[in-house]
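Each chain gets a letter, A, B and so on, in the order the sequences are listed, and its residues count up from 1.
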Protein chains: 2
Amino acid sequence: MKNKVQACLTKDDIVDSLKNVGVNPTAQRIAICQFVLCQGDHPTADEIKTWVDQHFPKLSLATIYNTLKTLTDAGVLREYKFPHSGKSFYDNNLVDHYHLLDEESGKLIDIDSKSINVSKGFLKEFTVNKMDVIFYGKHKSQVDG
Amino acid sequence: MKNKVQACLTKDDIVDSLKNVGVNPTAQRIAICQFVLCQGDHPTADEIKTWVDQHFPKLSLATIYNTLKTLTDAGVLREYKFPHSGKSFYDNNLVDHYHLLDEESGKLIDIDSKSINVSKGFLKEFTVNKMDVIFYGKHKSQVDG
DNA sequence: TCTAAAATTAGAACTATTCTAAATAGAGGG
DNA sequence: CCCTCTATTTAGAATAGTTCTAATTTTAGA
């Protein structure tokens, strides 16, 4: 089973997506989207920079950050922070979900929130607007030396 | 209901606690412990610095960080990071628990992990070693203007 | 073509933390 | 009591990740 299957979007698809959410589809933004909306798997800003540097003549780190903020505000991306790293991770999965950090590979794996039942009836005192869950673990199939 | 009732420890109690876990009870460490093991409610390094500056002649920020690491390694404290802040938060509650961020007050509130049931049977593929949960919410009793 | 607004950029600034290397303190042996 | 050894503390530099600033470039539209 794959973690997430994201068909690669064409440039036109990306232009449309951006227009749909009121974001001006500049060349830089399209380049960034080609990675974060398609190939990237929970990339960080520096991973995006590395990819973009190989596919776009010159694009500043400031634009990466500006664009990530624009896309997040527009609802095309989600930003996550986790205890194990000071960096922000960007996720194009817009469906509610949690994450598992595979401690062997360091990869983040999406966990459908519907597959976890969190009974929080205890919280009589509180209105809960949102919750984040992160699991730390590894594939059972993997065998250590 | 109080979030956590932590009786104030005497200096001798702190000295004993430190010795028990093999940590040399220096004046600086005792001063820091007086706050983090007692009065502090999920303090950050800078909050600890602010308190200590008022109760100890001169104590460097480096010592705060060194001591927090020492205490965390010794198992006297736990360090948490949350998505809403780049800072580390230190908690003297050593019992397994989750947190709720009260979005009105900005305070972190301990949630007994036993009061939440997380069914993770779905995770047939993974061995889960640890999980973190954070809720974002507010007191129901509070009424906005 | 002109203008105004939007986007991009390089580099400075900032925040939280860690590192470095020197100074100090404390324990134990003589 | 003095010496030495190690642990601890310290100030300040360094680092990492991100945001800010102000100048420049691009773009859309009149």
Under 4.0 Å: is that the gap between some side-chain N or O of [X] and OP1 or OP2 of [N]?
X: B/T63; N: D/dT10; answer: yes
X: A/Q28; N: C/dT9; answer: yes
X: A/Y65; N: D/dT18; answer: yes

Quickly work out the [X] [atom1] to [N] [atom2] distance and round it to whole Å.
X: B/R29; N: D/dT10; atom1: CZ; atom2: P; result: 11 Å
X: A/L18; N: D/dT27; atom1: CG; atom2: P; result: 15 Å
X: A/K81; N: D/dT19; atom1: NZ; atom2: C1'; result: 11 Å
X: A/I64; N: C/dG11; atom1: CD1; atom2: C1'; result: 16 Å
X: B/L59; N: C/dA23; atom1: CG; atom2: C1'; result: 16 Å
X: B/K49; N: D/dT9; atom1: NZ; atom2: P; result: 14 Å
X: B/H84; N: C/dA16; atom1: NE2; atom2: P; result: 12 Å
X: A/L68; N: D/dT19; atom1: CG; atom2: P; result: 9 Å

Within the structure shown, what part of the strands sits under 4.0 Å from [X] by heavy-atom distance: base, sugar-phosphate, or nothing?
X: A/L61; value: base
X: A/D46; value: nothing
X: B/K58; value: sugar-phosphate

Item to check | Ring geometry between A/Y80 and A/F82 (parallel below 30°, tilted from 30 to 60°, perpendicular above 60°) | outcome: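 Because their plane-to-plane angle is under 30°, the rings of A/F82 and A/Y80 count as parallel.
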Checklist entry - Which class fits the ring pair A/H84 and A/Y136: parallel under 30°, tilted 30 to 60°, perpendicular over 60°? => result perpendicular
Measure from the side chain of [X], starting at C-beta and using heavy atoms only, and say which of [options] lies closest.
X: B/K87; options: D/dT18, D/dT9, C/dT17; answer: C/dT17
X: A/N24; options: C/dA6, D/dA11, D/dT18; answer: C/dA6
X: A/S88; options: C/dT17, C/dA7, D/dT18; answer: D/dT18
X: A/T26; options: D/dT18, D/dT10, C/dA7; answer: C/dA7

Which side-chain N or O atoms in residues 12-22 of chain A pair as donor and acceptor under 3.5 Å with protein atoms at least two apart or in another chain?
unit_1 : atom_1 : unit_2 : atom_2 : d
A/D13  : OD1    : A/T10  : OG1    : 3.4
A/D13  : OD2    : A/T10  : N      : 3.1
A/D13  : OD2    : A/T10  : OG1    : 3.1
A/S17  : OG     : A/D13  : O      : 2.9
A/N20  : ND2    : A/D16  : O      : 3.4

Checklist entry - Taking atom types as modelled, is there a side-chain donor on A/N93 or A/H42 under 3.5 Å from an acceptor on the other? => result no
Checklist entry - Taking for each residue the nucleotide of DNA chain C with the nearest heavy atom, is it B/E79 or A/A27 whose nucleotide lies nearer the 5' end? => result A/A27
Next on the checklist: Measuring only between side-chain heavy atoms, which start at C-beta, is B/I109 closer than 4.5 Å to B/H99?
Outcome noted: no
